[in-house]
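A short worksheet on the structure shown next.
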Number of protein chains: 2
Amino acid sequence: MSSPTIKDVARLAGVSISTVSRVMNDSKPVSPEARRKVLDAIKKLDFKPNELARSLVMRRSNLIGVIVKDIAISYMTEMVRGIEEVGRMYNYDILLSSSYGDIELEKKIINFMFTKQVEGIVLISEDAKPEVVYMLQNQTIPYIQLDKFYNFNETYSVTINYKEAAKEMTEFLIGKGHEKILFVKEYKNAIIGQEKLKGYKEVMDAHNYFSREITVDGVTDKEGYKYGEEIWKIIEHEGITAAFFSEDGLAIGFLNYCYDNNKKVPDDISVAGFGDIKISSLYRPRLTTVREPYYDYGAVAVRKIIKKIKDNVEIDSATILPSSIIERETVKDIN
Amino acid sequence: MSSPTIKDVARLAGVSISTVSRVMNDSKPVSPEARRKVLDAIKKLDFKPNELARSLVMRRSNLIGVIVKDIAISYMTEMVRGIEEVGRMYNYDILLSSSYGDIELEKKIINFMFTKQVEGIVLISEDAKPEVVYMLQNQTIPYIQLDKFYNFNETYSVTINYKEAAKEMTEFLIGKGHEKILFVKEYKNAIIGQEKLKGYKEVMDAHNYFSREITVDGVTDKEGYKYGEEIWKIIEHEGITAAFFSEDGLAIGFLNYCYDNNKKVPDDISVAGFGDIKISSLYRPRLTTVREPYYDYGAVAVRKIIKKIKDNVEIDSATILPSSIIERETVKDIN
DNA sequence: TTGAAAGCGCTAACAG
DNA sequence: CTGTTAGCGCTTTCAA
């Protein structure tokens with residue numbers, strides 16, 4: 001009934017369990033004769049080693065715990081993909097859990113992952129709470145935080161240079177002839193949002209253009225839509241020609257608002273986003289935006305974790321990846 | 001250095017490891033005194049039981065293996081969400097792997113999951129190959145297949161009644177005054193696509209309307225776009241007023257084609273989809289479509305698996321969930 | 001109510 | 001090259 005064990009294989013092959021173990025792992029020389037018998041027995045019994053037992057004795061679970069806020073958020077999915085693909089290259093498997101932003105649940109999940117003996121953790125929670133970060137810091141398993149909005153510099157992470165990226169986009173807009181640019185910033189105290197804002201401001205200042213911002217309470221299309229009217233008022237009132245959203249979700253929501261209210265993009269207003277989430281290239285008009293390498297965030301993160309596991313060498317706390325401007329259809333050249 | 005074990009707790013508490021185990025699991029009466037000492041020790045050492053060891057002896061991993069074609073496909077994500085949320089309710093964790101449609105990899109993953117002692121498997125591969133299904137059938141771990149395009153009736157699954165749903169949508173379109181309706185079908189031999197087509201045809205026949213179909217080699221917006229021109233020719237040539245796509249992805253691609261080629265939806269052509277994937281309600285104009293309960297597919301699937309695990313009672317091979325028509329903006333009332 | 005001991009399936013000295 | 005043995009960290013008889 002229950003699956004065969006190494007013992008069954010040994011018995012059938014007429015050797016000891018050590019020999020079986022040795023051929024399975026190629027860990028020590030085994031005579032061709034014995035090897036053949038073992039291999040035969042394995043095939044005959046359709047034997048599959050119990051990884052749990054192996055993990056127990058090896059003290060290696062080959063598991064990476066991934067905690068996401070919500071797997072349905074498309075950019076998180078991209079990250080998970082990166083994690084999974086390179087994880088598999090190194091024979092690591094993914095234990096996945098969603099926290100839905102519930103901090104107590106998140107803490108429970110982390111503890112739970114410890115009990116499952118994960119060898120590393122990547123936390124994708126958008127806005128990890130200090131308590132949680134603290135938990136992670138005060139233990140020995142390597143971890144990386146992949147937070148799109150908040151990130152604590154003391155923590156291991158992989159990001160782009162948000163400020164530089166925002167500067168580039170602002171320059172891009174200016175290059176297209178825009179001087180009155182509105183910056184729409186996510187959340188109130190999102191650290192990363194602040195960075196983007198800084199970049200925008202620096203460039204505007206350098207050009208002696210008047211900078212104008214509005215902060216929106218959220219990051220999704222819902223909020224972009226909700227604030228549409230308010231944003232539009234500013235646009236009209238101040239003669240804004242381009243709106244630079246700190247998040248694609250917000251931009252898409254605003255695009256929806258425009259569609260529903262008969263404002264033409266980019267004729268009536270140019271809009272730029274930040275992130276290049278999946279929908280941005282699918283939507284019409286296609287969103288011009290800053291591309292963040294989500295897949296690579298994940299890929300690099302596991303790579304760092306695995307390196308730490310293998311070599312136990314301290315990893316640099318932050319890795320900065322390149323970003324780029326993706327020009328599509330929502331920004332008009334008004335030169 | 002390494003984390004404390006049950007032995008350490010026992011030593012510190014001055015009791016045997018059995019006693020520690022008993023208080024952890026409430027498995028047998030323990031004197032209040034001993035319990036207190038154990039609890040103290042646990043707290044003092046910040047002891048976390050090793051689930052691997054426990055699983056080994058209990059022969060229960062509390063793991064459900066989930067194999068998806070690609071986690072970045074949005075409806076799959078929804079399913080995974082359902083799996084995860086109800087899984088957690090029963091204390092099951094998700095071991096996630098993507099197959100990217102590679103059948104050899106898929107088989108490897110399945111075997112691998114067996115070695116990890118998963119207690120159940122849910123396979124979300126869009127078009128599981130017979131070989132793979134065969135593997136699943138010839139072993140004892142419960143499994144469920146969640147395939148959107150192909151599904152083998154002999155296999156455990158949870159779906160909607162595709163034919164009925166397509167009938168409803170066709171009736172809906174007719175109710176809006178459309179008589180010349182084009183059905184755009186995914187793939188060549190997708191069984192589920194056939195079902196939808198049947199539903200459409202039955203209704204058209206019943207009304208004595210001429211049915212017209214085209215089969216497209218794919219299911220995503222890419223193909224919907226690619227076939228846009230061909231579809232449009234048919235529309236013009238045959239005076240079609242509404243196009244019913246067997247998949248939302250296809251419909252979105254076609255909507256993009258229309259946008260890029262200055263065809264107005266729904267003024268020039270009405271379009272309906274099937275699935276209600278995430279983008280369908282975000283896109284403008286919003287897509288009128290058939291809603292499939294993706295989250296519930298996943299939720300019901302695990303529930304069935306867990307029931308099988310717990311009660312070892314045979315589960316009905318297919319569960320049919322309700323679907324519904326979501327009326328939005330892409331279908332015009334031409335009555 | 002408790003502890004000793006066996007064992008889950010496997011790996012890794014150790015001796016031969 | 002091979003078998004014996006001692007665990008990995010935990011649960012669970014079995015006696016006491």
Side-chain angles (χ1 to χ4, degrees), chain A residues 1-39 41-42 45-63 91 111-119, chain B residues 1-39 41-42 45-63 91 111-119:
Chain A
M1 195 62 267
S2 78
S3 29
T5 73
I6 195 172
K7 262 188 193 160
D8 302 312
V9 176
R11 194 175 311 123
L12 183 59
V15 298
S16 73
I17 60 168
S18 345
T19 301
V20 177
S21 170
R22 293 198 263 256
V23 349
M24 284 175 45
N25 304 304
D26 259 329
S27 47
K28 286 225 173 173
V30 171
S31 71
E33 159 109 27
R35 157 164 282 115
R36 195 187 43 70
K37 287 193 293 184
V38 169
L39 259 16
I42 288 179
L45 294 174
D46 191 26
F47 166 72
K48 305 204 179 61
N50 182 330
E51 279 294 331
L52 251 40
R54 173 181 269 163
S55 292
L56 182 58
V57 48
M58 305 278 283
R59 294 137 166 284
R60 310 203 46 239
S61 66
N62 274 285
L63 243 35
N91 247 293
N111 267 320
F112 188 67
M113 291 202 161
F114 288 152
T115 73
K116 288 272 187 189
Q117 312 302 115
V118 297
E119 296 182 44
Chain B
M1 194 63 268
S2 78
S3 30
T5 74
I6 194 173
K7 261 187 193 162
D8 302 312
V9 176
R11 193 175 313 124
L12 183 60
V15 300
S16 74
I17 62 169
S18 338
T19 301
V20 176
S21 170
R22 293 198 263 258
V23 349
M24 285 174 43
N25 304 304
D26 259 329
S27 47
K28 285 225 170 171
V30 170
S31 70
E33 159 110 24
R35 157 165 281 115
R36 195 187 42 69
K37 286 193 294 185
V38 169
L39 260 15
I42 288 179
L45 294 175
D46 189 27
F47 166 72
K48 305 201 179 62
N50 182 330
E51 279 293 331
L52 252 38
R54 174 180 270 165
S55 291
L56 182 60
V57 49
M58 305 280 282
R59 292 135 167 285
R60 310 205 44 241
S61 66
N62 273 287
L63 242 35
N91 246 294
N111 267 320
F112 188 68
M113 292 202 160
F114 288 152
T115 72
K116 289 273 187 190
Q117 312 302 116
V118 297
E119 296 182 44

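Just so it is clear: chains get the letters A, B, ... in the order the sequence lines come, proteins before strands, and each one is counted from 1. Note that the structure is a prediction, hence the values are computed from the model and not measured.
- When the C1' atom of D:dC8 is taken as reference, atom CD1 of B:I6 falls 13 Å away, rounded to whole Å.
- The nearest whole Å value for the distance from the CG atom in B:D26 to the C1' atom in D:dT11 is 15 Å.
- Summarising the geometry, the separation between CG on A:L56 and P on D:dG7 is reported as 14 Å, rounded to the nearest angstrom.
- Side-chain contact between A:L63 and A:M113 is absent, with no heavy atoms from C-beta onward closer than 4.5 Å.
- Applying the 3.5 Å distance criterion, the base of C:dA4 shares a donor-acceptor pair with the side chain of B:S18.
- One distance of note links CZ of A:F114 with CG of B:D46; it measures 9.0 Å at 0.5 Å rounding.
- Listed by residue number, the members of residues 47-54 of chain A with any heavy atom below 4.0 angstrom from DNA chain C are A:F47, A:P49, A:N50, A:A53, A:R54.
- Here the side chains of A:T115 and B:R54 are not in contact, with every heavy-atom distance at 4.5 Å or above.
- Taking 4.5 Å as the limit, every side-chain heavy atom of B:R35 sits out of range of all side-chain heavy atoms of B:V38.
- Rounded to whole angstrom, the span from the CZ atom of B:R60 across to the C1' atom of C:dG9 amounts to 18 Å.
- Counting non-hydrogen atoms under 4.0 angstrom, A:T19 reaches the backbone sugars and phosphates but no base.
- Distance CD1 (A:I17) to P (D:dG7): 15 Å, rounded to an integer number of Å.
- An OP1 or OP2 oxygen of C:dT11 is reached within less than 4.0 angstrom by a side-chain nitrogen or oxygen of A:S21.
- Between the side chains of A:N91 and A:R60, no donor-acceptor pair is found at a separation under 3.5 Å.
- Listed pair B:K7 / D:dC10 fails the phosphate criterion, with no side-chain N or O lying under 4.0 Å from OP1 or OP2.
- Under a 3.5 Å cut-off, the side chain of B:E51 and the backbone N or O of A:Q117 do not form any donor-acceptor pair.
- Residue B:S55 has no polar side-chain atom (N or O) positioned under 4.0 Å from OP1 or OP2 of C:dC8.
- Minimum atom distance to the side chain of A:V57 is reached by D:dG7, of the listed C:dT2, D:dG7, C:dG3.
- Between A:T5 and C:dG9 there is no side-chain N or O to OP1 or OP2 distance below 4.0 Å.
- Regarding contacts with the backbone of D:dT2, a side-chain N or O of A:S31 is found under 4.0 angstrom from either OP1 or OP2.
- If you measure from atom NZ of B:K116 to atom C1' of C:dC8, you get 17 Å, rounded to the nearest angstrom.
- Atom CG in A:N25 sits about 15 Å away from atom C1' in C:dA13, given to the nearest Å.
- Counting heavy atoms from C-beta outward, A:N50 and B:L56 have side chains that approach closer than 4.5 Å.
- How far CZ of B:R22 is from CD1 of B:I17: 10.0 Å, rounded to the nearest 0.5 Å.
- Contact annotation: B:R59 reaches the phosphate of C:dG9 (side-chain N/O to OP1 or OP2, under 4.0 Å).
- When heavy atoms are screened at a 4.0 angstrom cut-off, A:V15 is found touching the sugar-phosphate backbone but no base atom.
- Spacing between atom CE of A:M58 and atom P of C:dG9 amounts to 18 Å, rounded to whole angstrom units.
- Side-chain atoms of A:R22 and base atoms of D:dG3 include a donor and an acceptor less than 3.5 Å apart.
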